[in-house]
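Encoded as structure tokens, the structure appears first; notes follow it.
Not measured: the values here are computed from a predicted model.
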Amino acid sequence: MTSLHQTYLAAGQKSAEVTDWSARIGWLVGLALFIALVYWLMREGWKWRGTLQSDLPELPARPSPTTTLNGGGKPPLTGMPDEPGRVKLTMSGRYHGSTTAGQWLDRIVARGLGTRSRVELTLTDAGLDVVRPGAADFFVPAAQLREARLDKGIAGKVLTEGGLLVVTWAHGDKLIDSGFRSDVSAEHNEWVDTLNSMINNTEGAR
């Protein structure tokens, strides 16, 4: 009985060493195809959303090259001042995307607004300059700024309470929420206060 038992154990050990490579390869191929399908669907959804938002006007150019932190700005907009005015605040951090104002899941991807990136913000008397390495820069004239607040999320990105600076601005006939996060989160409160004060003064002067 002992000898027979040992024979069964040896046979079991040999069986355990056999790998069904065809099944494993088939499983890996299936997984790769599934991932490729999900990626393709996401890409097509992104393109479809961009097509739906194709009526969004071109993003405003900066009023002067001097508003960028690294130089090389775009030509000024017609009727915009050549000089951006006094620099009020600067910020280095990340741009987390834009949505339709008040609808934090309705992401805007047209005109490059859906591309997350590093960001350098400069707030001047003329408005808000948004410089994004590797993505489209844009400028929000002071008259188009509507509100600034702290929030915790924007389409596809959720942070801690107050971890996101959200700036609401008008572009064409659309109100847009853009989300930014400073490398130094303690700066957010100063940005909210300064932006809202600037917005109130601009509205009072109309």
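Pairs engaging residues 179-202 under the ring-ring contact (aromatic ring centres under 6.0 Å, His included) rule: Tyr95-Phe180 [sequence neighbours left out].
Taking every heavy atom of both residues into account, Gly114 and Arg107 meet most closely at O-NH1, 4.0 Å. Across Ala142 and Met198, no two heavy atoms sit closer than the pair CB-CE, 3.6 Å. Between Ser178 and Trp169 the shortest heavy-atom distance is OG-NE1, 2.9 Å. The nearest pair of heavy atoms linking Pro57 to Gly172 is CG-CA, 4.1 Å. Thr115 approaches Arg132 most closely through the heavy-atom pair O-NH1, 2.7 Å.
Looking only at side-chain heavy atoms (C-beta outward), Thr124 and Thr122 come within less than 4.5 Å of each other. Glu147 places a side-chain heavy atom less than 4.5 Å from the side chain of Asn196. Under the 4.5 Å side-chain criterion, counting only non-hydrogen atoms from C-beta, Leu195 is in contact with Val167.
Atom OG1 of residue Thr100 and atom CD1 of residue Ile108 lie 4.5 Å apart, to the nearest 0.5 angstrom. How far CD of Gln103 is from CD1 of Ile176: 12.5 Å, rounded to the nearest 0.5 Å. Here Leu59 contributes atom CG and His171 contributes atom NE2; the two are 5.0 Å apart, rounded to the nearest 0.5 Å. Remark: Thr168 OG1 to Ile199 CD1 distance equals 8.0 Å, nearest 0.5 Å. Summarising the geometry, atom CD belonging to Gln144 is positioned 12.5 Å from atom CG belonging to Leu128; distances are rounded to the nearest 0.5 Å. Considering OG1 of Thr90 and NZ of Lys88, their distance stands at 13.5 Å, rounded to 0.5 Å.
Think of Val184 as one node in a network of Ile, Leu, Val, Met, Phe, Trp and Tyr side chains linked at under 4.5 Å; it has no links at all. Residues Ile154, Leu164, Val166 make up the rest of the hydrophobic cluster containing Leu159, defined by ILVMFWY side-chain heavy atoms closer than 4.5 Å, directly or through other members. Through direct or indirect side-chain contacts shorter than 4.5 Å among Ile, Leu, Val, Met, Phe, Trp and Tyr, Leu175 is connected to no other residue.
Legend: residues meeting salt bridge (charged side-chain N to carboxylate O under 4.0 Å, His left out) with Glu58, ordered by chain and number and at least two apart, are Arg111. Asp173 is linked by a side chain to side chain contact (heavy atoms under 4.5 Å, CB included) to nothing, counting only residues two or more places apart in sequence or in another chain.
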Determine, step by step, whether Leu165 and His96 satisfy the side-chain contact (heavy atoms from CB on, under 4.5 Å) criterion, reporting the C-alpha distance in whole Å, the side-chain angles of both residues, the deciding distance to 0.1 Å, and the verdict.
CA-CA 10 Å; Leu165 169 66; His96 285 296; over 6 Å; no

Between Leu121 and Leu123, is a side-chain contact (heavy atoms from CB on, under 4.5 Å) present by the stated rule, with each step listed?
CA-CA 7 Å; Leu121 295 182; Leu123 182 65; over 6 Å; no

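Panel note: side chain Arg94, backbone Arg116; no donor-acceptor pair is recorded below 3.5 Å. Between the Thr194 side chain and the Glu190 main chain, a donor and an acceptor come within less than 3.5 Å of each other.
Contact check on Arg146 versus Asp177 returns no salt bridge, with no Lys/Arg side-chain nitrogen under 4.0 Å from an Asp/Glu carboxylate oxygen.
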